[in-house]
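Along the sequence shown, residues are numbered consecutively beginning with 1. Whatever order the structure lists ligands and atoms in, that order sets their numbers, starting from 1.
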Amino acid sequence: MNIIRKISFLLLLGVVIAPSLYARDAWEWDTIDTSKVVFNKNNFLFGVAIAEYQNSGATNLPNCNWATWEKKGSTIKNHQTSGVACDFWNRYKDDVTLISQLGCNACRLSIDWSSIEPHEGQFDRTAIAHYHEVINKMLIAGITPMVTLHHFVHPQWFEKLGAFEKEENIYYFVRFCELVFTEFSSKVHLWCPINEPGPFVLQGYLLGSFPPGKVYALAKAGQVLKNLLKAHIAVYKTLKKLPHGQEAQIGFIHQYLNMEGYHWWDKATLNIMRLRYVLNTVILDFLKTGQFSFKHLIPGFDTKFEDQKIKTSMDFIGLNYYSEVIIRNCQPGCYNNEIMTDMPYAIYAEGFYAAIKDMVQFGKPLYITENGIADVRDDRRELFIKRYLYALSKAIKDFGADVRGYFYWSLMDNFEWENGRTYKFGLYNVDFATQKRTLRPGAQCIKQFFI
Ligand code: BGC
């Protein structure tokens with residue numbers, strides 16, 4: 001065979017066998033009994049996770065950047081608007097009862113910055129009093145609150161100032177966190193300063209699906225990611241010095257969203273698009289080494305900084321895990337025989353197990369701060385819950401993962417960002433015309449896992 005024919009043959013072989021080379025770990029589910037899995041609530045938090053904008057909408061949160069973003073018209077699927085979403089703001093009393101009825105002893109909620117500080121430097125006592133009522137209601141019901149201070153949303157005035165694009169703006173966020181912590185730290189001990197820096201940057205600065213809607217603004221993406229990581233450290237250091245700071249547990253919240261290419265050309269596309277890189281690699285490298293290095297495609301224009309303090313700025317890691325995305329012919333998908341969720345990824349509990357294993361390296365306690373399925377037909381939810389909780393218990397058993405709690409995303413159907421009400425993540429179905437909540441049959445099984 002001459003050299004050209006040899007190369008062509010190898011290339012052809014590569015194309016044919018490429019998919020199988022990338023095939024991912026798959027367990028023999030037929031032989032696995034998930035019914036034996038239990039978590040003991042005496043030493044484990046079982047909760048649901050919610051976020052204020054998603055649950056209360058632009059009507060209740062008129063001063064946030066998402067309220068402005070929605071008004072642009074074509075930013076949400078089918079021109080939807082959030083309205084009151086599932087109106088948690090006004091229905092929280094009944095909703096806390098729903099949380100109790102699930103058997104939960106915890107709830108991860110967010111405190112909305114734009115409600116507390118609707119205009120720069122003006123703090124709204126009524127909104128602060130509202131959150132006292134919500135948190136008191138939870139405490140009376142025996143529900144431990146875990147508070148997120150930035151869940152993708154901030155005040156419109158902050159957006160106008162350039163939000164996290166500018167390092168000097170971190171000051172405003174720290175000021176808000178300090179105020180909230182001072183108010184609530186005698187009642188709340190678990191804190192999440194920023195939800196998922198990776199997806200925030202991906203959606204807002206690469207895909208353009210979140211405000212400010214920038215598409216493939218690679219340099220800005222690097223800058224914002226850097227500032228979010230700096231903001232996390234600044235908030236951590238500030239809160240720790242306040243009364244109750246030492247007892248408080250302040251975590252870094254990371255969505256572990258790995259992406260894999262199905263064919264070699266998908267892998268190449270992924271590398272060029274930098275998606276996996278922004279979502280996982282850069283962030284985990286920073287947590288590990290204290291070195292942030294966001295490489296742009298043009299050499300010499302990298303965004304870099306070093307801050308070793310990150311290693312001592314996490315009392316726990318909050319792991320949000322949904323799935324691993326397979327890019328197949330440049331579209332998100334899965335392998336043959338896998339079961340898709342309504343989102344563009346499959347049910348993949350094996351990936352959850354692997355993600356926990358990867359996060360264990362940081363030597364910090366872990367909370368699963370989000371995990372759930374979009375399933376409008378409710379015909380995969382039960383399977384999802386059983387498999388993922390099995391994977392979690394296996395991680396604890398196999399390598400002693402120090403997991404302290406599990407928060408299901410989400411309590412009820414809510415406003416799923418750019419997809420509006422299209423995706424149904426709720427354990428409770430919400431009829432948005434009447435606001436009636438009904439526990440889905442596929443969700444019933446979750447109770448049996450927590451005793
Ligand atoms: C976010 C949630 C979102 C969920 C499902 C997570 O990345 O924190 O706000 O609803 O994913 O897409």
Got more than 12 heavy atoms from elsewhere within 6.0 Å of NZ, K364? yes
For N195, the atoms of ligand 1 under 4.0 Å from one of its heavy atoms are 8 (O)
Atoms in ligand 1 with a heavy atom of M343 nearer than 4.0 Å: 12 (O)
Identity of the nearest option to atom 3 (C) of ligand 1, non-hydrogen atoms only, from H151, E416, E196: E416
Write down the atom of Y322, the atom of Q255, and the distance for their closest heavy-atom approach. CD1-OE1, 3.7 Å
Which protein non-hydrogen atom lies closest to atom 4 (C) of ligand 1, naming both residue and atom, and how far is it? Y322 OH, 3.3 Å
To check your reading of the model: name the closest protein heavy atom to atom 6 (C) of ligand 1, its residue, and the distance in Å. E370 OE1, 3.0 Å
With a 4.0 Å cut-off on heavy atoms, is Y423 in contact with ligand 1? no
Do Y406 and F39 have ring centroids that are under 6.0 Å from one another? no
Answer yes if the side chains of T422 and Q80 hold a donor-acceptor pair under 3.5 Å, and no otherwise. yes
Measure N414 to ligand 1 on non-hydrogen atoms and call it side chain, backbone, both or neither using the 4.0 Å cut-off. neither
Does K137 make a cation-pi contact with Y92, if we ask for NZ or CZ under 6.0 Å from the ring centre and within 45° of the axis? no
